[in-house]
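Note that the coordinates shown come from a computational prediction; the quantities given were computed from them, not determined experimentally. In what follows, residues are counted from 1 in the order of the sequence shown.
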Amino acid sequence: MIHGVDGSVATLCLDLDTSKALKGVVDSDAARLRTLLSHAGAVFVEDFSPSGGRHLYVPLQERLSHPEARELIEALGRVATSLDPSPHQNLTDGCIRVPGSAHKSGGHQSLITPLSQAYDVLRRRNTPATIVALRAALAPELHRNRVEKERQVKATASPGPKLARLRVPGAGSESPLRRTARTGLYDTARYASASEARMAVLNHFAACGWTLTQVRNELTGQFPGLAALYGTKQDRLLPQEWAKAQAFTNAPAGQTTTPVQRRGKHAFINNTSPTEPTGGALKPSPAAIHQLVNDLENVLYAVLDHKLKEHGREGLSLRLLIRGLLGYMRTKQTAVLDIGCRSLAVALGKHHVTIARLLPILVKASDGILTKVMDARHKAADVYFIQLPAQYQQLARDLTWRKGQVHAVRPVFRALGDAAALIYEAIERGRHSPTTAEIIRTTGISRSATTNALFTMEGLAMVHRDGHRWQITATTGLRDLAARLGVLEDYQSHVARNRRERAVWHAYLERFLDQQVNEADLYHAEREEHWMPPDDKAGFWLTA
């Protein structure tokens, strides 16, 4: 039994089960957990079962309560796909098969750690400081689990249909193919062999725009199940199957060759139609767009941010929305943007209805920087024009450009919130390392919200304090941190929802485009609607 009479535990038991993932995934998870525990300074004992599973035991000098132990095990479950947290989740019946125990399939649980070393580990055990270090190493996973439980509680307590309350973001939003890539387990009713399951996963990654290098890197990262499906044939089969996946996803249906792009004829031979503009004088160069965005950033930090602060909590979203538009402007290298609300919603991590409500407010508050020039029609989105008004041109020239580039909401801040995004930007793009008071003054965010955001980001090793000043921790990758916080699953579900809604809207529009109107339907069948002009010879409309 794992738990004592009072529910506390003296040993953390990590159960890596082959029913959760393939044996290759279990082995890679065990190696990953050994590295994590060793970096935290923890000592442990390891064994293996005849079925291919593994157990890691982390003995403790001071007992942990049931909630604390369960929280740690569930966080470790985010790191190791094959880890079964149920022994620590079951307070009354949680148990583990210890080394030397008989296995139900035959054989015994065998000790991997040398007996003398295991005896020394169980005698010395892990200090409370080691558990603190382990919590620091698992900070993103602990934060992710805590947020998801809060969402589940809110969804359960909120009124509405039961089915709607079950749709909790981040819980169960992973696609079956990505689950196969993580665990190596696949639906045998749909895929006859591991080869077909591998090709389905590779087709999925190729359709999402992955490269072969990215796939190789994730085989030892978040998708060890795909590596387990290859076994020892990975080096030989992966390049071949990736080429097939790219050919399958890139080729149009029923077409094997790429259509030839022919040049249009613009030479006028016996043609009196007006000449077509080439766009040379109408479209600014990429360098001009780059300079314009830099000038707009100066105006944004010097003037516009302070005006948007007056909108209160809504001002945070408005400030990030204008940053997102400037980011799109730099990426697309144009001052005329036709970005839909759903695309902006994905960039900012918000609902598209919220974006549609904020855009008109931003147009009024931008003081001529953002102007709507065309309404949405059919499949086309609203068109906006971004410019540097005359009243701000001198200010933009006087201020020096800042290092780095403007961002909307980077994926990691979909989990941490708008306030954390603006605070991180103030530290990252500040002309010097700011203090807490300077961050509050620069961002206009309240002291309590600023302190909470800094505390959270410091716990995630995103920022650190150097004396009284805050600095960015350069060794922490924001993309990797976003993956550990579970943001990528929310991002993928958001994109998938947008695709479904766009498909419904486009199908609705095409229903009207398919309708053909006959000429006979335009006129009444029994009424003469064509008026004949008068006869010139009759002369009744001529005057002498």
Side-chain angles (χ1 to χ4, degrees), residues 136 139-140 290-313 315-327 329-331 348 366-367 369 388 391-482:
H290 180 76
Q291 179 177 350
L292 177 59
V293 174
N294 289 341
D295 291 341
L296 288 172
E297 287 182 19
N298 284 341
V299 177
L300 172 65
Y301 292 126
V303 179
L304 192 56
D305 265 354
H306 297 278
K307 297 179 101 176
L308 296 179
K309 291 175 187 177
E310 300 175 357
H311 291 263
R313 188 176 183 85
L316 298 178
S317 300
L318 291 172
R319 293 160 66 182
L320 292 173
L321 179 57
I322 186 63
R323 284 161 169 78
L325 292 173
L326 292 180
M329 181 179 175
R330 192 189 296 275
T331 302
L348 272 73
S366 64
D367 201 9
I369 294 178
L388 182 62
Q391 65 269 24
Y392 295 131
Q393 292 181 0
Q394 185 62 39
L395 175 65
R397 285 193 293 267
D398 292 341
L399 298 175
T400 57
W401 294 343
R402 299 197 180 194
K403 61 181 179 180
Q405 61 181 357
V406 68
H407 296 276
V409 175
R410 283 170 280 194
V412 66
F413 295 107
R414 293 170 67 103
L416 301 181
D418 295 346
L422 292 173
I423 292 171
Y424 188 88
E425 181 193 74
I427 303 174
E428 181 183 37
R429 304 201 68 189
R431 303 190 187 278
H432 57 83
S433 300
T435 62
T436 303
E438 291 173 344
I439 293 175
I440 296 172
R441 185 167 56 253
T442 302
T443 61
I445 301 173
S446 64
R447 175 172 291 275
S448 60
T450 301
T451 304
N452 292 336
L454 289 173
F455 177 77
T456 301
M457 290 191 290
E458 186 181 20
L460 297 175
M462 299 173 61
V463 297
H464 64 276
R465 190 193 296 266
D466 186 7
H468 295 287
R469 300 188 175 275
W470 292 94
Q471 295 181 354
I472 299 297
T473 304
T475 55
T476 301
L478 296 186
R479 182 172 180 81
D480 295 337
L481 186 59

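Taking both residues in full, the closest heavy atoms of Ala139 and Gly459 are given as CB-O, 3.3 Å, listed atom of the first, atom of the second, then distance. Considering every non-hydrogen atom in both Ala426 and Pro434, the closest pair reads O-CG, 4.2 Å. Closest of all the heavy-atom pairs between Ala302 and Leu399 is CB-CD1, 3.8 Å. Between Thr442 and Arg319, the closest heavy-atom pair is O-NH2, 4.4 Å. Considering every non-hydrogen atom in both Met462 and Val412, the closest pair reads CE-CG1, 4.4 Å.
To the nearest 0.5 Å, atoms CD1 (Ile440) and OG (Ser446) are separated by 8.0 Å. Taken from CG in Asp466 to OG1 in Thr435, the straight-line distance is 12.5 Å, to the nearest 0.5 Å. Between the CD atom of Glu438 and the OG atom of Ser433 there is a distance of 9.5 Å, given to the nearest 0.5 Å. We find the CD1-CD1 distance between Ile439 and Ile427 to be 4.0 Å, quoted to the nearest 0.5 Å. Here the NE2-CZ distance, from His311 to Arg313, works out to 16.0 Å after rounding to the nearest 0.5 Å. One distance of note links CG of Leu304 with CD of Glu297; it measures 12.5 Å at 0.5 Å rounding.
Between Asp295 and Trp401 there is a side-chain heavy-atom pair separated by less than 4.5 Å. Put simply, the side chain of Leu300 reaches to within 4.5 Å of the side chain of Leu326, judged on heavy atoms. Looking at heavy atoms from C-beta onward, Gln471 lies out of side-chain contact with Arg465 at the 4.5 angstrom threshold. Considering only heavy atoms from C-beta on, Ser317 stays 4.5 Å or farther from Leu348 through its side chain. In this structure, His464 and Ile472 have side chains that are not in contact, with every pair of non-hydrogen atoms separated by 4.5 Å or more. Side chains of Leu422 and Asp305 form no contact here, defined as non-hydrogen atoms less than 4.5 Å apart. Counting only heavy atoms from C-beta outward, the side chains of Arg431 and Thr400 approach each other to under 4.5 Å.
With Leu296 as the fixed residue, the side chain to side chain contact (heavy atoms under 4.5 Å, CB included) test singles out one of Gln291, Met329, Arg330: Met329.
Under 3.5 Å, the side chains of Trp470 and Thr436 contain a donor-acceptor pair of N or O atoms. Of the N and O atoms on the side chains of Arg447 and Asn452, not one donor lies less than 3.5 Å from an acceptor on the other residue. Between the side chains of Asn298 and Tyr392, no donor-acceptor pair of N or O atoms lies under 3.5 Å.
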- Task: Output, in order, the C-alpha distance, side-chain angles, deciding distance and verdict of side-chain contact (heavy atoms from CB on, under 4.5 Å) for Leu478 and Tyr424.
- Result: CA-CA 11 Å; Leu478 296 186; Tyr424 188 88; 3.9 Å; yes
- Could you please spell out the steps behind the side-chain contact (heavy atoms from CB on, under 4.5 Å) verdict for Thr456 and Leu416? CA-CA 8 Å; Thr456 301; Leu416 301 181; 4.0 Å; yes
- Message: For a side-chain contact (heavy atoms from CB on, under 4.5 Å) check, start with the C-alpha distance between Lys309 and Thr443, then their side-chain angles and the critical distance, and finish with the verdict.
- Response: CA-CA 8 Å; Lys309 291 175 187 177; Thr443 61; 5.9 Å; no
- Message: For Thr450 and Leu454: C-alpha separation, side-chain torsions, deciding distance, then whether side-chain contact (heavy atoms from CB on, under 4.5 Å) applies.
- Response: CA-CA 6 Å; Thr450 301; Leu454 289 173; 3.9 Å; yes
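Judged by distance alone, the side chain of Thr473 and the main-chain N or O of Thr476 form no donor-acceptor pair under 3.5 Å.
Sorted by first and then second residue, the pairs that involve residues 404-428 and meet salt bridge (charged side-chain N to carboxylate O under 4.0 Å, His left out), not counting sequence neighbours, are Arg323-Glu425, Lys350-Asp418, Arg410-Glu428.
The local environment of NE2 in His306 is crowded, with over 12 non-hydrogen atoms from other residues, nucleotides or ligands closer than 6.0 Å.
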